[in-house]
Amino acid sequence: MKQNLDWANLPFGYMKTNYNVRCYYRDGKWGELEVSSSEYLTVHMAATGLHYGQEAFEGLKAFKGKDSKVRVFRWEENAKRLQNSAKGVMMAEVSDELFKKAMDKVIELNADFVPPYESGASLYIRPLLFGSGAQVGVKPASEYTFIMFVTPVGPYFKEGFKPVNMLITREYDRAAPLGTGHLKVGGNYAASLRSIDKAHHLNFANVLYLDAKEKKYIDECGPANFFAIKGNTYITPESKSILPSITNMSLLQLAKDLGLTVERRPVLETELGGFDEVGACGTAAVISPIREIVDMQNNIKYEYCKDGQAGEVSTKLYNKLRAIQYGDEPDTHNWVSVIM
Ligand SMILES: *Cc1c(COP(=O)(O)O)cnc(C)c1O
């Protein structure tokens, strides 16, 4: 049934669709993929996902092109990252094959919810994996649940880029130096909620985290990676507690294609004053240009986008990546898979 939604004005939020898909790991193996029209789960009250944070998730998008084909961006990287997260918190791994099968099925079953090309909206895909077996002692579960659901999301920037502001705070850390920051697990998000709430109360879009140990280096930018442009160089921090963003990895490649030098290395906070453009990157927005970073404790303000506009290089990278995702420009790196 054709959906009559105001696609261009959808928020980045949850909306009920037709179906989701589920798979259960029991007795040492994954069962058959199941289709459900329920938004609810029946979960054992002693499931490790609930008590001990044995949980990981992913986020990727499907885009409808001018040619009406539906494309997914670099799903193999999401599958790989979910496998890595599963290893990191000792869960059963979801193979590339199972991931792809679930993804094809959930998109196909919700084809009416893939937003039209003109809207600039997309279909957000949320894979979720958690320990569903009962356990009271602290050890990995013997049963796992893998779910994939979708929800249509509007274009992040409706009237072009809106540069945002970021707060540096030393009161909270998102992830420990040798903790789980490099895994896409729920616990990192729980740990970030208080600092993000504080940033929102002070009218900031998000928090720019410093490294937990020395509070000298740039780590992550809320639930997104940080990058900077300095002259002809694309710079992004290297740290064990950063989640490897697929968007960042792609922008880095596109920067190279544009002839920029790329650097992935520890980035000092004190370098912030010398950057021409800075931004946050991730699947949701691709790029959120940053206009201001405030280090409250040290009473420092770093400013960018002086004319209120996003920087030239950030804009170029953003347009290029979006064009590849929607099939408007050649996919020279083989990043896109046509699903339908
Ligand atoms: C998901 C996520 C990102 C962005 O990763 P993408 O693959 O680009 O969507 C960045 N940081 C954190 C903490 C994340 O969870």
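Just so it is clear, the structure is predicted and the values come from calculations on it, not from any experiment. Ligands are counted one by one from 1 in listed order, and the atoms in each one are counted from 1 as well.
- When only non-hydrogen protein atoms are considered, atom 11 (N) of ligand 1 lies nearest to Glu220 OE1, 2.8 Å.
- The pair Glu329-Lys320 meets the salt-bridge criterion, since a charged nitrogen lies less than 4.0 angstrom from a carboxylate oxygen.
- Considering backbone and side-chain N/O of Gly59, none are found under 3.5 Å from N/O of ligand 1.
- Under 4.0 angstrom from ligand 1, the non-hydrogen atoms of Arg81 all belong to its side chain.
- For ligand 1, the polar-atom distance check against Tyr189 finds a nitrogen or oxygen pair separated by under 3.5 Å.
- A salt bridge is defined here as a Lys NZ or Arg NE, NH1 or NH2 lying under 4.0 Å from an Asp or Glu carboxylate O, and Glu220 with Arg174 meets this definition.
- Centroid-to-centroid, the aromatic rings of Trp335 and Phe73 come within less than 6.0 Å.
- Atom 9 (O) of ligand 1 has Thr283 OG1, 2.5 Å as its closest protein atom, hydrogens excluded (heavy atom only).
- Residue Lys184 has at least one nitrogen or oxygen atom sitting less than 3.5 Å from a nitrogen or oxygen atom of ligand 1, judged on distance alone.
- Residue contact check: Ala224 has heavy atoms under 4.0 Å from atoms 10 (C), 11 (N) of ligand 1.
- Considering only non-hydrogen protein atoms, atom 10 (C) of ligand 1 sits nearest to Pro223 O, 3.3 Å.
- For Tyr144 and Tyr24, the gap between ring centers reaches or exceeds 6.0 Å.
- In this structure, the side chain of Tyr156 does not engage the main chain of Phe12 through any donor-acceptor pair within 3.5 Å.
- Of all the heavy atoms of Ser245, the ones lying under 4.0 Å from any atom of ligand 1 are found in both the backbone and the side chain.
- Distance alone, capped at 3.5 Å, is enough to place a donor-acceptor pair between the Lys61 side chain and the Ala284 backbone.
- Here the side chain of Gln54 pairs a donor or acceptor atom with the backbone of Ala141 at under 3.5 angstrom.
- Residue contacts with ligand 1 include Arg174, since one or more of its heavy atoms lies under 4.0 Å from the ligand.
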